[in-house]
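Computed from a predicted model, the values in this text were never measured in an experiment. Any value given below was found using the heavy atoms of this structure, including those in side chains, with hydrogens, waters and symmetry copies removed.
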Amino acid sequence: MSASDTVIREARPTDAPGIAHVHVATWRTTYPGLVPANFLLGMSEDQAARRWSGLLLTREPGHGTFVAADPRGEVVGFATCGPRRGRFPDFAGEFYAVYLLDEVQGTGIGRRLMAAMADRLLEGGTRSACVWCLRDNPARWFYERMGGARAAERPIRFAGTTLVEIAYGWRDLYPLARMAAGA
């Protein structure tokens with residue numbers, strides 16, 4: 001499947017099960033050895049679908065959740081963004097998540113999801129954004145390829161262990177939106 005076969009669109013509440021599947025599947029393929037195994041094994045698509053359904057029903061201004069759907073309409077990736085969470089004054093917005101099933105990584109779908117998020121933030125007047133990811137996440141280089149500059153590092157407590165997160169930032173989202181859209 002290529003990126004051109006995939007539709008990027010605003011997520012709907014009916015997408016919650018597909019988003020939950022991608023969320024759980026990507027965590028289980030990306031984070032073994034990084035996140036405690038008992039946490040990964042305890043993840044539930046049903047619980048995640050209920051959580052995503054609630055989030056998608058209560059859309060907040062300035063937020064965006066997008067799905068990548070294959071030609072059959074199946075969700076193969078998703079991304080979500082909004083105002084910056086926490087204290088990180090250099091960036092006004094935040095890319096909260098970008099997840100793609102393994103079989104569609106490297107096809108350009110991630111670039112298109114990033115473009116959709118950058119466009120949404122820009123529409124709301126947010127010109128800069130960051131993303132936090134685990135330092136040891138093998139997919140974090142994607143953010144560097146998308147033009148993100150390493151901006152910070154912090155330890156976090158997660159599932160009973162200490163992990164290290166790093167932030168990549170974009171001080172101006174316009175180039176990201178143009179580059180990610182294939183311009």
Self-check item: Over all atoms of both residues, closest heavy-atom pair of Val75 and Gly77
Solution: CG1-O, 3.4 Å
Self-check item: pair Pro71-Val7: side-chain heavy atoms closer than 4.5 Å
Solution: no
Exercise. Would you please classify the geometry between the Phe39 ring and the Phe158 ring as parallel, tilted or perpendicular, with 30° and 60° separating the classes?
Key: perpendicular
Exercise. Please identify each residue that fulfils side chain to side chain donor-acceptor pair (under 3.5 Å) with Arg9, with sequence neighbours left out.
Key: Asp15
Practice problem: Look up atom SG in Cys81 and atom CG in Asp119, then write down how far apart they are to the nearest 0.5 Å. | Solution: 10.0 Å
Quiz prompt | Student check: side-chain heavy atoms of Phe66 and Thr80 closer than 4.5 Å | solution = no
Exercise. Over all heavy atoms of both residues, which pair between Ala118 and Leu176 is shortest? Give the atoms and the distance, please.
Key: CB-CD2, 4.1 Å
Exercise. Under the side-chain contact (heavy atoms from CB on, under 4.5 Å) rule, collect the residues that match up with Arg85, sequence neighbours excluded.
Key: Glu94, Tyr96
Exercise. For Tyr168, enumerate each residue passing the side chain to side chain donor-acceptor pair (under 3.5 Å) test, keeping only those at least two apart in sequence or located in another chain.
Key: Arg140, Glu144
Self-check item: Residue pairs passing the ring-ring contact (aromatic ring centres under 6.0 Å, His included) test where at least one lies in residues 109-129, sequence neighbours excluded
Solution: none
Quiz item: Between Leu122 and Ala177, what is the shortest heavy-atom contact and its length?
Solution: CD1-CB, 4.1 Å
Quiz item: If only atom types and distance count, is the side chain of Thr6 paired as donor or acceptor with the main-chain N or O of Asp70 below 3.5 Å?
Solution: no
Practice problem: Supply the atom-to-atom distance Glu45 CD to His23 NE2, rounded to the nearest 0.5 angstrom. | Solution: 11.0 Å
Exercise. Start with the C-alpha gap between Asp90 and Cys130, add the side-chain angles, then the distance that decides, and say whether side-chain contact (heavy atoms from CB on, under 4.5 Å) holds.
Key: CA-CA 9 Å; Asp90 293 345; Cys130 66; over 6 Å; no
Quiz item: What are the two closest non-hydrogen atoms of Ala16 and Leu56, and how far apart are they?
Solution: N-CD1, 4.2 Å
Self-check item: Selection residues 35-44 - residue pairs positive for side chain to side chain donor-acceptor pair (under 3.5 Å), sequence neighbours left out
Solution: none
Quiz prompt | Summary of side chain to side chain donor-acceptor pair (under 3.5 Å) pairs that have at least one residue in residues 120-134, sequence neighbours excluded | solution = Glu10-Arg120
Exercise. Go through the structure and list residues passing ring-ring contact (aromatic ring centres under 6.0 Å, His included) with Tyr31, not counting sequence neighbours.
Key: Trp27
Quiz prompt | For the student: nearest non-hydrogen atoms of Ile19 and Ala11, plus distance | solution = CD1-CB, 4.0 Å
Quiz item: Is His21 close to Leu101 at the side-chain level, that is, under 4.5 Å between some pair of heavy atoms?
Solution: yes
Quiz item: Can you check ring pair (Phe, Tyr, Trp, His ring centres under 6.0 Å) on Phe95 and Trp170, steps first, answer last?
Solution: CA-CA 10 Å; Phe95 302 125; Trp170 293 261; 5.3 Å; yes
Quiz item: Sub-3.5 Å donor-acceptor pair from the side chain of Ser53 to the main-chain atoms of Ala49, do we have one?
Solution: no
Practice problem: Can you tell me which residue pairs pass the salt bridge (Lys or Arg N to Asp or Glu O under 4.0 Å) test with a partner in residues 156-165, sequence neighbours excluded? | Solution: Arg154-Glu165
Quiz prompt | Arg135 side chain to Val164 backbone, donor-acceptor under 3.5 Å | solution = no
Self-check item: CD1 on Ile156 to CG on Leu163, rounded to 0.5 Å
Solution: 5.0 Å
Practice problem: Enter the distance from Thr107:OG1 to Asp5:CG here, rounded to the nearest 0.5 Å. | Solution: 9.0 Å
Quiz item: What is the distance from atom CD1 of Ile166 to atom CG of Leu134, rounded to the nearest 0.5 Å?
Solution: 9.0 Å
Quiz item: Given the rule in the side-chain contact (heavy atoms from CB on, under 4.5 Å) test, do Ile109 and Ile8 qualify, once you have shown the distances and angles that lead to the verdict?
Solution: CA-CA 8 Å; Ile109 294 170; Ile8 305 297; 4.2 Å; yes
Quiz item: Got a sec, which residues hit side-chain contact (heavy atoms from CB on, under 4.5 Å) with Thr14, two or more places apart in sequence or on another chain?
Solution: Arg12
Practice problem: Report yes if some heavy atom in the side chain of Leu173 is under 4.5 Å from a heavy atom in the side chain of Met117; otherwise report no. | Solution: no
Quiz prompt | Cys133 side, atom SG; Trp141 side, atom CH2 - distance, nearest 0.5 Å | solution = 9.5 Å
Self-check item: Pro83 versus His63, closest heavy-atom pair with distance
Solution: CD-CE1, 3.4 Å
Practice problem: Quick one: list whatever passes side-chain contact (heavy atoms from CB on, under 4.5 Å) with Arg50, sequence neighbours left out. | Solution: Asp46, Gln47
Quiz prompt | Chi angles and distances behind the side-chain contact (heavy atoms from CB on, under 4.5 Å) call for Val67, Val22 | solution = CA-CA 10 Å; Val67 295; Val22 171; over 6 Å; no
Practice problem: With sequence neighbours excluded, tell me which residues meet side-chain contact (heavy atoms from CB on, under 4.5 Å) with Leu55. | Solution: Arg51, Trp52
Quiz item: Which residue pairs pass the salt bridge (Lys or Arg N to Asp or Glu O under 4.0 Å) test with at least one member in residues 16-32, sequence neighbours excluded?
Solution: none
